[in-house]
Amino acid sequence: MRIGILGGGQLARMMIEETSKYGFEYVIYTEEVNSPAGKICGKEIAGKFSDTEKLVEFCDVCDIVTLENEFIDRKYIELIEQSGKVCLPGSDIVGMIQDKFIQKQTLLGMNVPVPEFAEIDSEEEIKKFAKAYGYPLILKSRTMGYDGKGNYKIEEEGDIKKAYDILGKRGKLMCEQYVNFKRELAIQIVRSSKGEVKVYPVVESIQKNHICNVVKATKNFDTAIAKGINELAVKIVNGISYSGVLAVEMFQMEDGKIYVNELAPRVHNTGHYTIEGCYTSQFENHILAILGLPLGSTEMIHINAVMINLLGERNGKSELEGYSEIIKDPSADIHFYAKDETRVGRKMGHITVTGEDMEIVFNKAQSYLSQIKF
Ligand SMILES: Nc1ncnc2c1ncn2[C@@H]1O[C@H](COP(=O)(O)OP(=O)(O)O)[C@@H](O)[C@H]1O
Ligand SMILES: [Mg+2]
C-alpha cells in the first residue's frame, strides 16, 4: 500500500512514524525539499501544488492520497480525484473547510453552535456588524489563516480602517463576535471510510500568541460537557460523511456553553498527546480510517497527559540539546521534527508527559521544557 501525503511537515512525519509498522510505504508531495516527512519516507516529490504535471506524477505512484494541511487549493485536490485516485478527506470537504465563512455556514446548517458571524465586503459592513453585536469583534481572513495570522481583533470603531487594510490584502473577509471564553477546548474524532466512528477525549488547549502551546488531556474531564461535545463531533462527521481524523476547536463559556470555533480536516496539534496518551494515536487512526480498516481504541492509557510545543525562540540553525532527563523518565517523551532552521514561533517539536496527578505532570513538562535548547 503506497500512501501519498500532500504536505511534508511534522503531521505527515508523525503519520509515517506511527504507521510504518504495518509495512505501508509513503510518498510525500511537498513544496519544501528535504521536508520533515520527506526525510523518512520512501519518495519525496518536491513541487508547487500548482505544478499539475508533478502532481499527476505523484498520483501515478500512490494507491491513495491524504493531506496534512488544508491550504492546498481545492482545484488541485479535484485534479487528483480526476486522475482516478481517492483523496481522503476529499476536495468537497477540504473546500468547505478552507473557507471559514462557508465552514461556519455549514456548521450552522447542522445546528452546531458557532459565534455570530457575517461576510464582510466593506468597512461599512464591519460597522453594521458592530452595531448588531458590539465591540470587540474579530475580523478574519476567510482563507489561508493559521496560527492567528489572518485574525485582527477590533476593539473600537477607530481600529476598523487599519484592520480592513491589513487583512483586505489577504483576500475575502468575515467578521465574528468576540467570544469571552473561559477556556479553549478541542477534540479529535475519527470516522473511517466504512463509517465507523470513534472519539478521542476532549482536551484543553492553551494558546500563546494565537499558537497552540500547551494541551492538557485528562480522563477526569467533566462528563456532562464531554458528552455534549462528543454528540456535536459525531453530528459533524456524519453530517459531512467525513473520512479520517477531524479536529474540532471550541470555546467553553463560564456557564459550560460550547461554541465551535473551527474544524481542521486532518490530524491536529491538540492531538499529539495521543501518541503516548492513548492506545491508538490520531496519526495511526487517521491512516486506518482512510484505508477503511477497523479503528483502534481512542481511550487514554493514563489518567493525565500534557503536551507542550517547542516553539522557536530565535532564527537560525537548529540543534536539539538538553533532553537527557526526558530519555531517562519513562513517563516523558520528546518529538523533534528535524526542521533544519528554527524561526520565532515555528513548531520545532513537542514534549509529552503522562501520569496520575495533573499538577505534577504539568510541572514536570514545564521543567523539561526549561532544560531543552533547540
Ligand atoms: N470569535 C472569537 N472570539 C474570541 N477569540 C477568538 C475568536 N476567534 C478566534 N479567536 C482566538 O484566536 C485563535 C486563532 O483563531 P482561529 O480562528 O482558530 O484561527 P487559526 O486558523 O489561525 O487557528 C483562537 O484559537 C482563539 O484563541
Ligand atoms: Mg484555530
Side-chain angles (χ1 to χ4, degrees), residues 7 9-11 67-72 94-108 112-120 126 129-130 132-156 159-160 163 166-167 170-189 202-216 229 233 236 245-255 257-272 282 307 309 311 344-347:
Q10 65 268 19
L11 300 178
L67 44 95
E68 66 136 28
N69 75 60
E70 59 277 34
F71 299 126
I72 163 160
V94 179
M96 178 273 286
I97 289 179
Q98 231 162 42
D99 184 325
K100 286 183 177 178
F101 177 71
I102 295 178
Q103 184 193 135
K104 284 235 156 66
Q105 275 186 321
T106 307
L107 289 168
L108 201 60
V112 171
V114 293
E116 295 293 342
F117 68 99
E119 204 172 358
I120 294 294
I126 305 178
F129 186 87
Y133 303 108
Y135 292 101
L137 56 92
I138 294 205
L139 188 65
K140 286 190 180 183
S141 297
R142 282 172 57 173
T143 53
M144 303 295 275
Y146 69 98
D147 290 346
K149 297 177 182 68
N151 288 1
Y152 198 112
K153 185 174 173 189
I154 296 178
E155 302 276 2
E156 51 176 29
D159 296 340
I160 292 179
I166 292 176
L167 289 190
R170 297 177 57 106
K172 291 190 287 184
L173 299 173
M174 66 182 288
C175 237
E176 261 179 47
Q177 179 188 29
Y178 185 82
V179 177
N180 217 343
F181 54 81
K182 179 182 167 206
R183 56 182 183 164
E184 290 193 68
L185 304 176
I187 192 169
Q188 282 73 43
I189 178 159
V202 179
V203 301
E204 180 180 356
S205 139
I206 302 160
Q207 329 283 320
K208 181 175 167 186
N209 303 325
H210 301 276
I211 305 176
C212 169
N213 184 35
V214 176
V215 171
K216 289 177 167 181
I229 291 174
I236 295 169
V245 166
L246 178 87
V248 186
E249 296 179 12
M250 291 157 290
F251 302 133
Q252 183 197 325
M253 309 305 284
E254 200 62 57
D255 64 4
K257 183 167 170 46
I258 299 293
Y259 290 102
V260 169
N261 171 33
E262 63 167 345
L263 308 176
R266 53 172 168 83
V267 289
H268 196 255
N269 198 168
T270 54
H272 290 359
Q282 62 165 351
M307 189 270 345
N309 273 340
L311 298 175
V344 175
R346 191 176 196 197
K347 290 171 179 167

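Computed over heavy atoms, backbone and side chain alike; hydrogens, waters and symmetry mates excluded. We count ligands from 1, going down the list as the structure has it; atoms in each ligand are counted the same way.
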Given Glu254, Glu249, Glu204, the one that forms salt bridge (charged side-chain N to carboxylate O under 4.0 Å, His left out) with Arg183: Glu204

- line: Residue, atom and distance of the protein heavy atom nearest atom 5 (N) of ligand 1 read Phe181 CE2, 3.6 Å

- prompt: Could a heavy atom of Gly150 be found less than 4.0 Å from some atom of ligand 1?
  reply: no

- request: For Glu70 and Arg266, indicate whether the former's side chain and the latter's backbone hold a donor-acceptor pair under 3.5 Å.
  value: no

query: Only one of Glu184, Gln188, Met307 forms a side-chain contact (heavy atoms from CB on, under 4.5 Å) with Thr270, so which one is it?
result: Gln188

query: So, is Glu249 polar-close to ligand 1, with some N/O to N/O distance under 3.5 Å?
result: yes

query: So which N/O/S atom does Glu262 have closest to the Mg ion (ligand 2)?
result: OE2

- line: Rounding to 0.5 Å, atoms NE2 (His210) and OH (Tyr146) come to a distance of 14.0 Å

message: When you measure from the Mg ion (ligand 2) to the N, O or S atoms of Asp147, does any of those distances fall below 2.8 Å?
response: no

- request: Ignoring angles and geometry beyond distance, decide whether Gly145 reaches within less than 3.5 Å of ligand 1 through its nitrogen or oxygen atoms.
  value: yes

- request: Record the part of Tyr146 in heavy-atom contact with ligand 1 below 4.0 Å; permitted values are side chain, backbone, both and neither.
  value: backbone

message: Among all the protein's non-hydrogen atoms, which is closest to atom 16 (P) of ligand 1, and how far away is it?
response: Glu262 OE2, 3.5 Å

- request: Sort out for me which residue in Lys140, Glu116, Glu119 forms a side-chain contact (heavy atoms from CB on, under 4.5 Å) with Lys104.
  value: Lys140

task: Report yes or no: does Asn209 contribute a side-chain atom to a donor-acceptor pair with the main-chain N or O of Ile211 at less than 3.5 Å?
output: no

task: Report, in ascending order of atom number, the atoms of ligand 1 lying under 4.0 Å from any heavy atom of His210.
output: 12 (O), 13 (C)

OH/Tyr135: more than 12 non-hydrogen atoms of other groups inside 6.0 Å: yes

- prompt: Distance-only, no hydrogens or angles: does the Asn151 side chain make a donor-acceptor pair with backbone N or O of Ile138 under 3.5 Å?
  reply: no

statement: Note: Asn180, heavy atoms under 4.0 Å from ligand 1, region reported as neither

- prompt: So between Lys100, Glu70, Lys140, whose heavy atom ends up nearest atom 19 (O) of ligand 1?
  reply: Lys100

query: What atoms of ligand 1 come within less than 4.0 Å of a heavy atom belonging to Asn261?
result: 8 (N), 16 (P), 17 (O), 18 (O), 24 (C)

message: Below 4.0 Å, non-hydrogen atoms only: which portion of Gln177 touches ligand 1? Side chain, backbone, both or neither.
response: backbone

query: If you measure every N/O of Pro115 against every N/O of ligand 1, is any gap under 3.5 Å?
result: no

Atom name in Glu249, limited to N/O/S, at shortest distance from the Mg ion (ligand 2): OE1

- prompt: Just wondering, more than 12 heavy atoms not from Met144 lying within 6.0 Å of its CE?
  reply: no

- request: Please confirm whether Tyr178 comes within less than 3.5 Å of ligand 1 when only nitrogen or oxygen atoms on both sides are compared.
  value: no

field: Short side-chain to backbone donor-acceptor contact, Gln282 and His268, under 3.5 Å
entry: yes

message: Keeping Asn69 on the side-chain end and Phe71 on the backbone end, is there a donor-acceptor pair under 3.5 Å?
response: yes

task: Output the list of atoms in ligand 1 that are nearer than 4.0 Å to some heavy atom of Asn151, sorted by atom number.
output: 9 (C), 12 (O), 14 (C), 15 (O), 16 (P), 17 (O), 19 (O)

query: Can you find a non-hydrogen atom of Tyr259 under 4.0 Å from ligand 1?
result: no

field: Val179 and ligand 1 - part of the residue with a heavy-atom distance under 4.0 Å
entry: both

- line: Among Glu116, Lys153, Glu184, Met250, the residue with a heavy atom nearest to atom 24 (C) of ligand 1 is Glu184

message: Given Gly148, Ala186, Ser205, identify the one with the heavy atom nearest to atom 22 (O) of ligand 1.
response: Gly148

- line: Taken to the nearest 0.5 Å, the spacing of Thr143 OG1 from Gln98 CD works out to 8.0 Å

field: Heavy-atom check, side chain of Val248 versus side chain of Ile229, under 4.5 Å
entry: no

